[in-house]
Amino acid sequence: MFPILPERPSDAAQIDTLLDLAFGSERTKKTVYRLRENVAHLKPLAFVVRDEDGIVLGSIRYWPVAIGEQAAPAIMLGPVAVHPDYQGQGIGRALIRHSLYAATRLGHRLCILVGDKPYYEPFGFVSAADRGMEMPGWVERERFQVMELAAGALKGVAGMVGKPPRGKRKAA
């Protein structure tokens, strides 16, 4: 298994290439990318897996978001990507476990994502739409998920997911 390491600024180009390989260049037209525009990803929750030559084989990032009129703070998982030649080896799952643990340690309370229900359900994600949350564009209902990182964090949280207030858009 490869070690999970903090993302470095010099990894950015390799991560973009990896994301294109994993999701295609049309990925940036999806709703989640609208929420990421002009918002810095959370650097303490950005991790990579590199091979022995320093090539990025896997990557995960999170972004700050706000939910509902009360602007409840949350983090949005994604993208998580693994090079096609290394998929199925547990790299993605390891990145998710590692980063969710880090998010919890850093005091984040809620995490949302848009992804495959069977893949994310074992981590504890449940339907966000069933809990009264909405995305600001089209997403498949069953792919929109949420997870409490702190007990009771979902209480009273509902509404549209949006960008965080202006002062909270910078990298943490």
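What you see below is based on every heavy atom in this structure, not just the backbone, and it leaves out hydrogens, waters and symmetry mates.
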A side-chain contact here means heavy atoms from C-beta on lying under 4.5 Å apart; do Leu5 and Val49 qualify?
no

Got a sec, which pairs hit ring pair (Phe, Tyr, Trp, His ring centres under 6.0 Å) with one end in residues 52-81, sequence neighbours left out?
His41-Trp63

Restricting to non-hydrogen atoms, name the atom on Leu100 and the atom on Cys111 that form the minimum distance, rounded to 0.1 Å.
CD2-SG, 4.1 Å

To the nearest 0.5 angstrom, please state how far the CD atom of Glu142 sits from the OG atom of Ser127.
9.0 Å

So, Glu69 side chain and Gly159 main chain: donor-acceptor pair closer than 3.5 Å or not?
no

Within the side chain of Lys43, is there an N or O that forms a donor-acceptor pair under 3.5 Å with the backbone of Arg8?
no

Okay, side chain of Asp51, backbone of Asp53: is any donor-acceptor separation there less than 3.5 Å?
yes

Val126: which of Met147, Arg131, Gln145, Glu121 passes side-chain contact (heavy atoms from CB on, under 4.5 Å):
Arg131

Heavy-atom side-chain contact between Leu35 and Pro136 under 4.5 Å:
yes

So, Arg36 side chain and Gly78 main chain: donor-acceptor pair closer than 3.5 Å or not?
yes

Taking Ala153's backbone N and O only, do any of them form a donor-acceptor pair with Glu148's side chain (distance below 3.5 Å, no angle check)?
yes

Once you round to the nearest 0.5 Å, how far does OG of Ser59 lie from CD1 of Ile91?
11.5 Å

Derivation of the side-chain contact (heavy atoms from CB on, under 4.5 Å) call for Met160 and Ile67
CA-CA 6 Å; Met160 186 67 67; Ile67 303 172; over 6 Å; no

Is any side-chain heavy atom of Phe2 closer than 4.5 Å to one of Glu52?
yes

Give the intermediate values and the outcome of side-chain contact (heavy atoms from CB on, under 4.5 Å) for residues Phe144 and Ile112.
CA-CA 7 Å; Phe144 180 34; Ile112 66 163; 4.3 Å; yes

How far apart are the closest heavy atoms of Gln14 and Val56, and which atoms are they?
OE1-N, 2.7 Å

I need the minimum non-hydrogen distance between Val48 and Pro6, along with the two atoms involved.
CG2-O, 4.1 Å

Can you tell me if Thr31 uses its side chain to pair, donor with acceptor, with the backbone of Trp138 under 3.5 Å?
yes

Determine whether His108 and Leu45 satisfy the following criterion, side-chain contact (heavy atoms from CB on, under 4.5 Å), listing intermediate values before the conclusion.
CA-CA 11 Å; His108 294 286; Leu45 296 177; 3.9 Å; yes

Sort out for me which residue in Leu110, Val161, Ile75 forms a side-chain contact (heavy atoms from CB on, under 4.5 Å) with Val65.
Val161

Shortest non-hydrogen separation from Phe23 to Ala81 and the atoms involved
CE1-CB, 3.8 Å

So which heavy atom on Leu113 is nearest to which on Gly115, and how close?
CD1-N, 3.4 Å

Hey, is the main chain of Val82 close enough, under 3.5 Å, to the side chain of Gln87 for a donor-acceptor pair?
yes

4.5 Å side-chain heavy-atom contact, Met133 and Leu154
yes

Who pairs with Asp116 by side-chain hydrogen bond (donor to acceptor under 3.5 Å, both in side chains), at least two apart in sequence or on another chain?
Arg143

Return the NZ to CZ distance between Lys155 and Arg109, rounded to the nearest 0.5 Å.
11.5 Å

Mind checking whether His83 and Tyr86 have parallel, tilted or perpendicular rings, split at 30° and 60°?
perpendicular

Nearest 0.5 angstrom please: Asp16 CG to Ser25 OG, how far?
12.0 Å

Counting C-beta onward and ignoring hydrogens, is there a side-chain heavy-atom pair between Gln70 and Val157 closer than 4.5 Å?
yes

With sequence neighbours left out, what residues match Ala94 under side chain to side chain contact (heavy atoms under 4.5 Å, CB included)?
Met1, Ile4, Arg97

Using the rule that two of Ile, Leu, Val, Met, Phe, Trp, Tyr join whenever any of their side-chain heavy atoms come within less than 4.5 Å, decide whether Leu19 and Met76 are in one cluster.
yes

Residues in salt bridge (Lys or Arg N to Asp or Glu O under 4.0 Å) with Arg50, at least two apart?
Asp11

Can you sort out the partners of Tyr33 under side-chain hydrogen bond (donor to acceptor under 3.5 Å, both in side chains), two or more places apart, ordered by chain and number?
Arg27

Residues that Glu7 engages under salt bridge (Lys or Arg N to Asp or Glu O under 4.0 Å), provided they are two or more places apart:
Arg61

Hey, quick one: are Leu149 and Leu42 part of the same hydrophobic cluster, counting side-chain heavy atoms closer than 4.5 Å, chains of contacts allowed?
yes

What pair of heavy atoms forms the shortest contact from Pro165 to Ala66, and how long is it?
CD-CB, 4.3 Å

Given side-chain contact (heavy atoms from CB on, under 4.5 Å), test Arg93 with Phe123 step by step and report yes or no.
CA-CA 9 Å; Arg93 285 180 172 81; Phe123 295 102; 3.8 Å; yes

Is Leu77 linked to Phe47 within one hydrophobic cluster, defined over Ile, Leu, Val, Met, Phe, Trp and Tyr using a side-chain heavy-atom separation of less than 4.5 Å?
yes

